[in-house]
S.K.: 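One structure is given below, represented as structure tokens, and several questions about it will come after.
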Amino acid sequence: DHNASITLSNANLTAKCGAASDMGVRATDIQFTGKYYYEITFDVTEGGADTAVGIAFPGAARDTMGNTALGVFVCYKSGTYWLNGSSQGVLGTVAAGSVICVAIDFGNGTAWLRVNGGNWNNTVGADPATNTSGKNIAALCHAGAWPCATFNATNDQVTANFGGSAFAQAVPSGFTSGWPTASTNAPWLDPQSIQTIQN
């Protein structure tokens with residue numbers, strides 16, 4: 001799901017911006033439940049102030065989510081990170097080759113970002129494995145989420161690793177390595193839930 005000015009390559013894992021305007025790309029498969037870890041690399045010295053990577057929720061408008069930060073949890077090329085329109089501070093120094101680590105826990109409604117091997121959410125002691133110091137995404141993730149990238153400068157480029165190759169950093173204990181190619185069931189479509197309602 002990408003703007004027409006974004007070129008996909010490398011088995012659709014690399015996204016390159018082709019115009020100096022706001023645009024976005026989201027992974028094909030949405031997830032609703034579980035715990036997942038993936039990485040997205042800033043391939044070049046990114047030029048766009050709205051160039052960012054992370055997680056998009058259904059409320060995000062694909063081509064303006066980088067400009068508004070609404071409906072997303074992302075790290076910008078500036079090193080700042082934002083959640084649903086609100087700055088969360090500085091995550092770390094981002095340069096060409098920097099890997100943004102992403103961990104999302106649907107069950108607890110929490111998420112974490114870090115630059116390379118830095119502190120999760122730039123907080124000492126934060127740890128997805130123990131659900132410590134995660135950002136609260138409960139109100140956003142109940143309807144699912146996708147990995148995402150946003151751009152607004154020509155030739156900005158990122159590459160995602162959804163588990164098809166070795167990760168740069170360790171996968172948090174208890175988290176699925178990568179992002180599945182099939183979506184998990186939406187909670188409101190879960191057969192057991194339907195049966196419970198019927199009973």
S.K.: Measuring from C141:SG to I55:CD1, what's the distance to the nearest 0.5 Å?
M.R.: 9.0 Å
S.K.: Starting from Y36, can I reach V74 by hopping between I/L/V/M/F/W/Y residues whose side chains sit under 4.5 Å apart?
M.R.: no
S.K.: Are V171 and W112 co-members of a hydrophobic cluster defined by side-chain heavy atoms under 4.5 Å apart?
M.R.: yes
S.K.: Look only at the side chain of Q169 and the backbone of C101, and say whether a donor-acceptor pair between them is shorter than 3.5 Å.
M.R.: no
S.K.: Do N121 and S133 pass the side chain to side chain contact (heavy atoms under 4.5 Å, CB included) test, and can you show the C-alpha distance, the side-chain angles, and the key distance before you say yes or no?
M.R.: CA-CA 8 Å; N121 292 342; S133 298; 5.5 Å; no
S.K.: Closest approach of L8 and A15, non-hydrogen atoms and distance?
M.R.: CD2-CB, 3.8 Å
S.K.: For the backbone of K35 and the side chain of T176, can you confirm whether one donor and one acceptor N or O come within less than 3.5 Å of each other?
M.R.: yes
S.K.: Determine the minimum heavy-atom distance between Y38 and F167, stating which atoms define it.
M.R.: CA-CE2, 4.0 Å
S.K.: Consider only side-chain N and O atoms of T110 and N131, and report whether a donor and an acceptor are under 3.5 Å apart.
M.R.: yes
S.K.: From E46 CD over to N155 CG, what is the distance, rounded to the nearest 0.5 angstrom?
M.R.: 10.0 Å
S.K.: Nearest 0.5 angstrom please: T41 OG1 to I100 CD1, how far?
M.R.: 8.0 Å
S.K.: Can you name the closest pair of heavy atoms from L113 and L91 and give their distance?
M.R.: O-CD1, 3.4 Å
S.K.: Are I104 and I40 connected, step by step, through hydrophobic side chains (Ile, Leu, Val, Met, Phe, Trp, Tyr) whose heavy atoms are closer than 4.5 Å?
M.R.: yes
S.K.: Taking atom types as modelled, is there a side-chain donor on T51 or D156 under 3.5 Å from an acceptor on the other?
M.R.: yes
S.K.: Hey, what do you get for CG (L140) to NZ (K135), rounding to the nearest 0.5 Å?
M.R.: 13.5 Å
S.K.: Of all the heavy-atom pairs spanning F42 and V158, show the shortest one and how long it is.
M.R.: CD2-CG1, 4.0 Å
S.K.: Indicate yes or no: at least one non-hydrogen side-chain atom of W120 is less than 4.5 angstrom from one of T132.
M.R.: no
S.K.: Quick one: OG1 on T154 to NZ on K16, what's the gap to the nearest 0.5 Å?
M.R.: 9.5 Å
S.K.: Should Y76 and I137 be counted in the same cluster of Ile, Leu, Val, Met, Phe, Trp and Tyr side chains packed under 4.5 Å apart?
M.R.: no
S.K.: If we only count heavy atoms from C-beta on, is the D22 to D63 side-chain gap below 4.5 Å?
M.R.: no
S.K.: Tell me which one of L70, T68, N136 satisfies side-chain contact (heavy atoms from CB on, under 4.5 Å) with N84.
M.R.: L70
S.K.: Of all heavy-atom pairs between W82 and S87, which one has the smallest distance, and what is that distance?
M.R.: CE3-N, 3.3 Å
S.K.: Under 4.5 Å between side-chain heavy atoms, hopping through other hydrophobics if needed: is there a path connecting F162 to F57?
M.R.: yes
S.K.: Is N152 reaching over with its side chain to a backbone N or O of D50, donor-acceptor style, under 3.5 angstrom?
M.R.: yes
S.K.: May I ask you to decide if A166's main-chain N or O and N161's side chain share a donor-acceptor pair within less than 3.5 Å?
M.R.: yes
